[in-house]
Amino acid sequence: MPKRYVLPDLPYKNDALEPTISKEIMKFHHDKHHLGYVNGANAALEKLEKARKEGFTGFDVKATVRDLSFNASGHVLHSIFWTNMRPSGGGKPGGALADSIDEDFGGFDAFKQQLSIAAKTVEASGWGVLAYDPVLNQLMVIQAEKHQDLAVQGATPILVIDVWEHAYYLQYKNDRGAFVDNWWNVANWDDADRRLEKVKR
Ligand code: MN
């Protein structure tokens, strides 16, 4: 059987992150937008399978792998995003993540400021991303434009903030800054810490 991407359930109810993120946003974001990326990635895989069987004549490999990169990256980032949040989240990280943030950013406040600015200043649609870079064995803050652009290859996202308009517009209108400032109230540090431990192993 060919492998396919699968939409994960939200790990909480649609209204669980209120008042930071409304029930309506969560429902549309997960049920429509994330599903769209799953379906788009699978459609690209199917097209490529078909072309391998029937021939590549007249088939646009470049456009299809571009679709695959966009949609599969969207799926991966959203899957991380849902678990990076939780009701009654916020506060500060503990565990190895806290130590790494202190070592790699010089403290939590500097890290939080850097990721907030990165998220607020993404050009058009994208993400603020805390990633683990195995080359330097350290955390770094990067941006993703759309879902796939500006990646540091090999670096694994640990904590991501979606700043596409679909992530906040129904509630925050054009005020991305307010959304990012409030987002920290639902951060799930235990999840980010688990992700860092896993990727380091
Ligand atoms: Mn999104």
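When a residue number appears, it is its place in the shown sequence, counting from 1. First listed ligand is number 1; within each ligand, the first listed atom is number 1.
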> At a cut-off of 2.8 Å, what protein N/O/S atoms sit near the Mn ion (ligand 1)?
H29 NE2, H78 NE2, D162 OD2, H166 NE2

> Over 60° means perpendicular and under 30° means parallel, so classify the ring planes of H29 and F81, tilted if in between.
tilted

> Could you check whether the rings of H166 and W164 sit parallel, tilted or perpendicular, using 30° and 60° as the cut-offs?
parallel

> Mind checking side chain to side chain donor-acceptor pair (under 3.5 Å) for E46 and listing every partner two or more places apart, or none if nothing turns up?
R4

> Could D191 and R195 be called an ion pair, given the rule that one side-chain N must be under 4.0 Å from one carboxylate O?
yes

> Over 60° means perpendicular and under 30° means parallel, so classify the ring planes of H34 and H75, tilted if in between.
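The arrangement is tilted - the two ring planes meet at 30° to 60°.
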
> Could you tell me if N182 and Y172 have a donor-acceptor pair between their side chains, going purely by distance under 3.5 Å?
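Y172 vs N182: donor-acceptor pair found between side chains.
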
